[in-house]
Amino acid sequence: MVHDAHRHIGVLPAYPFYGGPPVNPDTTARATVKQLIADLDAEGTERALVIPNYGVPDPAIAFSFNELAIEAAQTDDRIRAGLWVSPRPEDEQRTAQALELAGEPGVKALKLSFLLGGAPTDAACRPLLDRIFAEAARHGLVVHVHTSPGAASDIDEVGHLVDRYADRVPVHLVHFGGGMSGHIKLAGSRFFDWIDAGKRVYTDLSWAIGFTPRWLAQEIERRGIGHDRVLFASDQPWGDFTGEYARLAAATGDGELGDLVFRDTFAALYD
């Protein structure tokens with residue numbers, strides 16, 4: 001049984017990324033709940049947390065998929081919903097509307113990404129960040145935060161959210177730092193330091209560089225902590241379910257760690 005802690009729903013418009021022609025790189029994006037469920041069936045995925053698709057620089061598109069994620073969760077008990085929220089002052093009204101849905105059946109997470117603007121240390125974002133995490137605490141939700149190297153998504157930036165909020169709200173660091181610098185900082189010490197400090201910090205290894213899953217598994221074994229803080233995530237349609245599964249299964253094996261990564265930690269957070 002596989003439980004997928006991070007995948008997306010919704011089809012984005014073509015966009016001219018990086019100065020090229022308009023393209024749709026997320027070729028397996030799904031527009032309907034029926035299509036999503038067909039994917040789960042084909043994969044053998046028993047549980048999934050489904051989050052609005054995003055990536056083009058228009059936050060309104062990501063917000064527009066919140067109700068689709070809720071529809072998915074309320075259609076099939078295998079599915080849990082994550083809602084798109086934003087700390088940018090420009091998105092205050094849309095975030096308020098999203099937070100009004102936080103108590104809907106099936107909603108289990110809120111998703112933040114600074115790829116579309118804002119920053120964890122931006123004073124203008126602090127009021128909405130406080131509100132987002134307060135609502136997460138009130139409803140017992142996990143906050144997912146995109147990580148990638150550089151700029152506002154770098155682990156040095158996102159780490160401020162762990163320090164500030166993860167005493168009372170579970171924080172899921174998507175992509176385990178997102179690149180070489182983040183992987184080494186987290187697996188080398190920071191991820192375990194946060195756990196030792198009592199922070200409710202979790203992660204997934206989607207998009208992780210090749211050496212990282214094995215190294216993290218070795219560090220978990222050596223340190224004796226972190227077994228219950230790592231989840232499998234496909235990041236479909238931006239990731240690849242088959243590849244992500246194979247890499248993480250090879251690193252974690254078929255013992256206790258594998259059971260936790262692929263099933264039990266998801267169940268503890270979302271079931």
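Note that the structure is a prediction, hence the values are computed from the model and not measured.
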Q: Ignoring hydrogens and angles, tell me if any N or O in the side chain of S153 forms a donor-acceptor pair with the backbone of T147 under 3.5 Å.
A: no
Q.
Quick check: closest heavy atoms across R7 and S234, and the distance to 0.1 Å?
A. CB-OG, 3.8 Å
Q | Co-membership, hydrophobic cluster, residues V85 and I70, 4.5 Å side-chain | A | yes
Q: State the CD1-OG1 distance between I220 and T252, to the nearest 0.5 angstrom.
A: 9.0 Å
(Q) Test your reading of the model: is there a side-chain donor-acceptor pair from N53 to the backbone of G10, 3.5 Å cut-off? (A) yes
Q.
Any heavy-atom pair between the side chains of H6 and I51 that's under 4.5 Å?
A. yes
(Q) Using the rule that Ile, Leu, Val, Met, Phe, Trp and Tyr join whenever any side-chain heavy atoms are under 4.5 Å apart, tell me whether L83 and L112 fall into a single cluster. (A) yes
Q | Residues T95, Q93; criterion side-chain contact (heavy atoms from CB on, under 4.5 Å); working and verdict | A | CA-CA 5 Å; T95 293; Q93 183 176 356; over 6 Å; no
Q) Mind checking whether W84 and Y54 have parallel, tilted or perpendicular rings, split at 30° and 60°? A) tilted
Q | ILVMFWY network linking V158 to V142, side-chain heavy atoms under 4.5 angstrom | A | no
Q) Would a 4.5 Å heavy-atom cut-off, applied to side chains only, mark F17 and P25 as touching? A) yes
Q: With side-chain contact (heavy atoms from CB on, under 4.5 Å) as the test, would you mind laying out the steps for F176 and L216 before giving the verdict?
A: CA-CA 10 Å; F176 195 61; L216 180 60; 3.8 Å; yes
Q) Atom NE2 of H8 and atom CG of L12: how far apart are they, to the nearest 0.5 Å? A) 9.5 Å
Q.
Checking side-chain polar atoms at under 3.5 Å, does D91 have a donor or acceptor matched by the opposite partner on S86?
A. yes
Q) If you round to the nearest 0.5 Å, how far is CZ of R30 from CD1 of I9? A) 10.5 Å
Q.
Under a 4.0 Å threshold between the charged nitrogen and the carboxylate oxygen, would R80 count as salt-bridged to D271?
A. yes
Q.
For D254, is the CG atom crowded, meaning more than 12 foreign heavy atoms sit under 6.0 Å from it?
A. no
**Q.** Spacing of R222 atom CZ and F192 atom CZ [to the nearest 0.5 Å]
**A.** 8.0 Å
Q) Would you call D156 and K185 a salt bridge, taking side-chain N to carboxylate O under 4.0 Å as the test? A) yes
Q: Might you confirm whether atom CD of E256 has over 12 heavy atoms from other residues, nucleotides or ligands at distances under 6.0 Å?
A: no
Q. In this structure, are over 12 heavy atoms from other groups packed under 6.0 Å from E221 atom CD?
A. no
Q.
Do L173 and W194 have side chains that approach each other closer than 4.5 Å (heavy atoms only, starting at C-beta)?
A. yes
Q. Are K199 and D167 close enough for a salt bridge, meaning some N to O gap below 4.0 Å?
A. yes
**Q.** Distance-minimising heavy-atom pair for L248 and P213
**A.** CD1-CB, 4.2 Å
Q | D122/R126 salt bridge by N-O under 4.0 Å criterion | A | no
Q. Can you list the steps and then say if D196 with R223 is a side-chain contact (heavy atoms from CB on, under 4.5 Å)?
A. CA-CA 11 Å; D196 276 333; R223 296 169 182 264; 5.7 Å; no
Q. Got a second to check how far I155's CD1 is from F191's CZ, nearest 0.5 Å?
A. 10.0 Å
Q. Can you tell me how far the CE atom of M180 sits from the OG1 atom of T212, to the nearest 0.5 Å?
A. 7.5 Å
Q) Is a side-chain donor-acceptor pair under 3.5 Å present for Q74 with E104? A) yes
Q: Treat each ILVMFWY residue as a node, draw an edge where side-chain heavy atoms are under 4.5 Å apart, and state whether V169 and F114 are in one component.
A: yes
Q | Among Y245, F266, F262, ring pair (Phe, Tyr, Trp, His ring centres under 6.0 Å) partner for H3 | A | F266
Q.
Quick check: do E43 and D41 have side-chain heavy atoms less than 4.5 Å from each other?
A. no
Q: Over 60° means perpendicular and under 30° means parallel, so classify the ring planes of H183 and F211, tilted if in between.
A: perpendicular
Q) side-chain contact (heavy atoms from CB on, under 4.5 Å) with V50: which of L36, D76, L40? A) L36
**Q.** W207 reachable from V2 in the ILVMFWY side-chain graph, under 4.5 Å edges
**A.** no
Q) With a 4.5 Å heavy-atom cut-off, do I37 and I79 have their side chains touching? A) yes
(Q) Go through it in stages, so that I can follow the logic: the residues are H146 and H144, the test is ring pair (Phe, Tyr, Trp, His ring centres under 6.0 Å), and I'd like the CA-CA distance, side-chain angles, deciding distance and then a yes or no. (A) CA-CA 7 Å; H146 173 90; H144 283 227; over 10 Å; no
Q: Could you give me the CA-CA distance, side-chain angles and deciding distance for F241 and F232, then say whether ring pair (Phe, Tyr, Trp, His ring centres under 6.0 Å) is met?
A: CA-CA 10 Å; F241 182 93; F232 168 72; 5.5 Å; yes
**Q.** Check: E244/S206 side-chain N/O donor and acceptor closer than 3.5 Å
**A.** no
Q) For the residue pair G82 and A69, what are the closest heavy atoms and their distance? A) O-CB, 4.0 Å
Q. Can you name the nearest heavy-atom pair linking I132 to L110, along with the distance?
A. O-CD1, 3.7 Å
Q: Report the C-alpha distance between Q97 and L101 in whole Å, list the side-chain angles of each, state the deciding distance to 0.1 Å, and finish with yes or no for side-chain contact (heavy atoms from CB on, under 4.5 Å).
A: CA-CA 7 Å; Q97 292 170 343; L101 301 173; over 6 Å; no
**Q.** Heavy-atom pair of closest approach, residues A152 and P120
**A.** O-CD, 3.4 Å
Q: Quick one: closest heavy-atom pair of T121 and H160, and the distance?
A: CG2-CD2, 3.3 Å
Q.
Test your reading of the model: is there a side-chain donor-acceptor pair from R168 to the backbone of R200, 3.5 Å cut-off?
A. no
Q | Polar side chain donor-acceptor pair, Y202 to D228, under 3.5 angstrom | A | no
Q) Of V56, N24, V23, which is the lone residue that meets side-chain contact (heavy atoms from CB on, under 4.5 Å) with Y15? A) V56
Q) Between the side chain of D204 and the main-chain N/O of H175, is any donor-acceptor distance below 3.5 Å? A) yes
**Q.** Pairwise side-chain contact, V171 with V145, heavy-atom cut-off 4.5 Å (strictly under)
**A.** yes
Q) Strictly by modelled atom types, are D240 and T242 linked by a side-chain donor-acceptor pair under 3.5 Å? A) no
